[in-house]
S.K.: 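The following block contains the structure, expressed as structure tokens.
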2 protein chains.
Amino acid sequence: MNGTKYEHDEDAAAALRQTSLRVTKQRIAVLDAVRDHPHADTETVIRSVRESLPAVSHQAVYDSLHTLTEVGLVRCIQPSGSVARYERRIGDNHHHLVCRSCNLIVDVDCTIGQAPCLTPSHDAGFVIEQAEVTFWGLCPDCAHVGVQAAGDSQPSVV
Amino acid sequence: MNGTKYEHDEDAAAALRQTSLRVTKQRIAVLDAVRDHPHADTETVIRSVRESLPAVSHQAVYDSLHTLTEVGLVRCIQPSGSVARYERRIGDNHHHLVCRSCNLIVDVDCTIGQAPCLTPSHDAGFVIEQAEVTFWGLCPDCAHVGVQAAGDSQPSVV
DNA sequence: AACCTTTCCTTGACTGATTCAAAAGAACCA
DNA sequence: TGGTTCTTTTGAATCAGTCAAGGAAAGGTT
């Protein structure tokens, strides 16, 4: 049943042990699922987890994702119009490209270097912890389709 | 009933006439509500609209907000963990400061100048239309409370 | 001004993501 | 191993947002 996954299990278990959280099958499976499906929504995580643990409740996945987000083992992103999505790549404050047409999400490195990697023109007195950048546009595939399909059905740049 | 609001009504009506949309009481009231409550969520817009038009349905407000967003008279933003919020300031691609503690949202001018005002380090072949920046942190009030209240209950910077 | 067409609003039900709460179960410390 | 505490299951509930059909209003036409 759990033969060829030692690496994953060990990575996830080790990460959990470094927190004060208990090491449970469910949390390990959630961590693996998020690693294997970058930017997955909760539904996808549930399906993936159930491949190895068919009986997990959706609530366990919701709880795990929340808890793991709180301790910083996963990061939750939520581009406008999207449900919550999760990723395992953390700590480097990278950003995202989102395709307006097919909703593909791709990582991009932080524009300048370390968080916060940008400074607003005036900060209104805020103590700024993080700058989150989302680049909206068209992925290579969708951009080509737009060009091929007549050219002027795709309106102007914002 | 509608005595002292000529300025607002005229602004909103004029904006609507410049589109191909019909000029209706409901849409004017929605435009005024969004102007009077920057970054308001739909619930707030509904309450505000009902001050002048008690009988509007929530569906009319949802429809209006969608339609007005489509034609570009309002802009919809959705910081992670928040419901949809709307603003009347459009066309300048400004960005937002969001307080992690009280959810206050404040506008900041575009960091460099025109959209897209940032360029990712590598674009993965995307055609980029817009860069959306959200600065997360603590507003002046919440930052002060954090400092006063013992200093180490408020954890580290991300 | 009356009419007609098209677009818009109201009504009421519904969906889908997420959350709540209580009880059963599993992890970890002694 | 035994007990305590933290997790998971179960089942129901909430909340933002959507769907669909009929009635109403806007704005052009006569």
Side-chain angles (χ1 to χ4, degrees), chain A residues 2 9-10 12-31 33 39-50 52-71 73-74 76-86 103, chain B residues 2 9 12-31 33-34 39-50 52-71 73-74 76-86 103:
Chain A
N2 47 13
D9 288 354
E10 282 316 308
L16 281 170
R17 276 193 214 94
Q18 288 177 359
T19 71
S20 54
L21 296 177
R22 293 197 173 164
V23 180
T24 68
K25 293 191 288 284
Q26 292 86 343
R27 284 175 180 163
I28 291 172
V30 167
L31 278 170
H39 314 121
D41 59 15
T42 311
E43 179 59 30
T44 303
V45 174
I46 291 175
R47 274 206 307 275
S48 173
V49 166
R50 284 185 176 155
S52 49
L53 296 174
V56 261
S57 62
H58 75 156
Q59 190 62 246
V61 174
Y62 273 98
D63 280 352
S64 297
L65 287 171
H66 282 172
T67 311
L68 295 171
T69 301
E70 257 168 38
V71 301
L73 288 183
V74 303
C76 175
I77 60 171
Q78 234 175 312
S80 284
S82 170
V83 296
R85 292 171 174 280
Y86 297 87
N103 298 314
Chain B
N2 47 12
D9 288 354
L16 281 171
R17 276 194 212 93
Q18 288 177 0
T19 71
S20 55
L21 297 177
R22 294 201 170 161
V23 180
T24 67
K25 295 191 288 283
Q26 292 87 346
R27 284 175 180 162
I28 290 172
V30 168
L31 278 170
V34 173
H39 315 121
D41 59 14
T42 310
E43 179 59 30
T44 303
V45 174
I46 291 176
R47 274 205 306 276
S48 172
V49 166
R50 285 186 176 155
S52 48
L53 295 174
V56 260
S57 63
H58 78 156
Q59 190 62 246
V61 175
Y62 273 100
D63 281 354
S64 297
L65 287 171
H66 282 172
T67 310
L68 295 172
T69 301
E70 258 168 38
V71 300
L73 288 184
V74 304
C76 175
I77 61 170
Q78 236 175 311
S80 284
S82 170
V83 294
R85 293 171 175 278
Y86 296 87
N103 299 313

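Order of the sequence lines sets the chain letters (A, B, ...), proteins ahead of strands, with each chain counted from 1.
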S.K.: I want to check something: taking the side chain as every heavy atom from C-beta on, are B:Val23 and B:Arg17 in contact at a cut-off of under 4.5 Å?
M.R.: yes

S.K.: Please write out each protein N/O paired with an N/O of nucleotides 19-22 of chain D under 3.5 Å, distance rounded to 0.1 Å.
M.R.:
unit_1	atom_1	unit_2	atom_2	d
D:dC19	N4	B:Gln59	NE2	2.1

S.K.: Any non-hydrogen side-chain atom of B:Arg27 less than 4.5 Å from a side-chain atom of B:Thr67?
M.R.: yes

S.K.: SG of A:Cys76 to CG of A:Leu68: how many Å apart, nearest 0.5 Å?
M.R.: 12.0 Å

S.K.: Between A:Val56 and A:Gln26, what is the shortest heavy-atom contact and its length?
M.R.: CG1-CG, 3.4 Å

S.K.: What integer distance in Å separates B:Arg85:CZ from D:dA16:P?
M.R.: 11 Å

S.K.: Rounded to the Å, how far apart are A:Leu65 CG and D:dT8 P?
M.R.: 11 Å

S.K.: Where is the tightest heavy-atom contact between B:Arg85 and B:His39, given as atom of each residue plus distance?
M.R.: NH1-O, 2.8 Å

S.K.: Suppose we screen for side chain to side chain contact (heavy atoms under 4.5 Å, CB included). Which residues come up paired with B:Thr42, at least two apart in sequence or across chains?
M.R.: B:Ile46, B:Val61, B:Tyr62, B:Leu65, B:Tyr86

S.K.: Measuring from atom CD of A:Glu70 to atom CG of A:Leu21, what distance do you get when rounded to the nearest 0.5 angstrom?
M.R.: 9.0 Å

S.K.: For A:Ala60, which residues count as a side chain to side chain contact (heavy atoms under 4.5 Å, CB included) partner, sequence neighbours excluded?
M.R.: A:Ser57

S.K.: For a quick check of understanding: with a heavy-atom distance under 4.0 Å over all strands, which category does A:Asp63 fall into, base, sugar-phosphate or nothing?
M.R.: base

S.K.: Does a side-chain N or O of A:Thr67 approach OP1 or OP2 of D:dT7 to a distance below 4.0 Å, or not?
M.R.: no

S.K.: Name the first nucleotide and the last nucleotide along DNA chain C (5' to 3') that come under 4.0 Å of a heavy atom in chain B.
M.R.: C:dT6 to C:dG12

S.K.: Measure the spacing between CZ of B:Arg50 and OG of B:Ser52 and express it to the nearest 0.5 Å.
M.R.: 11.5 Å

S.K.: Is there side-chain contact between A:Thr24 and A:Leu16, with heavy atoms separated by less than 4.5 Å?
M.R.: no

S.K.: Whole angstroms only, please: what is the CD1-P distance between A:Ile28 and D:dT7?
M.R.: 13 Å

S.K.: Base contacts versus sugar-phosphate-only contacts with protein, heavy atoms under 4.0 Å: please encode nucleotides 24-30 of chain D as B, S and - from 5' to 3'.
M.R.: -BBS---

S.K.: So, using side chain to side chain contact (heavy atoms under 4.5 Å, CB included) as the criterion, who are the partners of A:Glu43 when residues are at least two apart?
M.R.: A:Asp41, A:Arg47

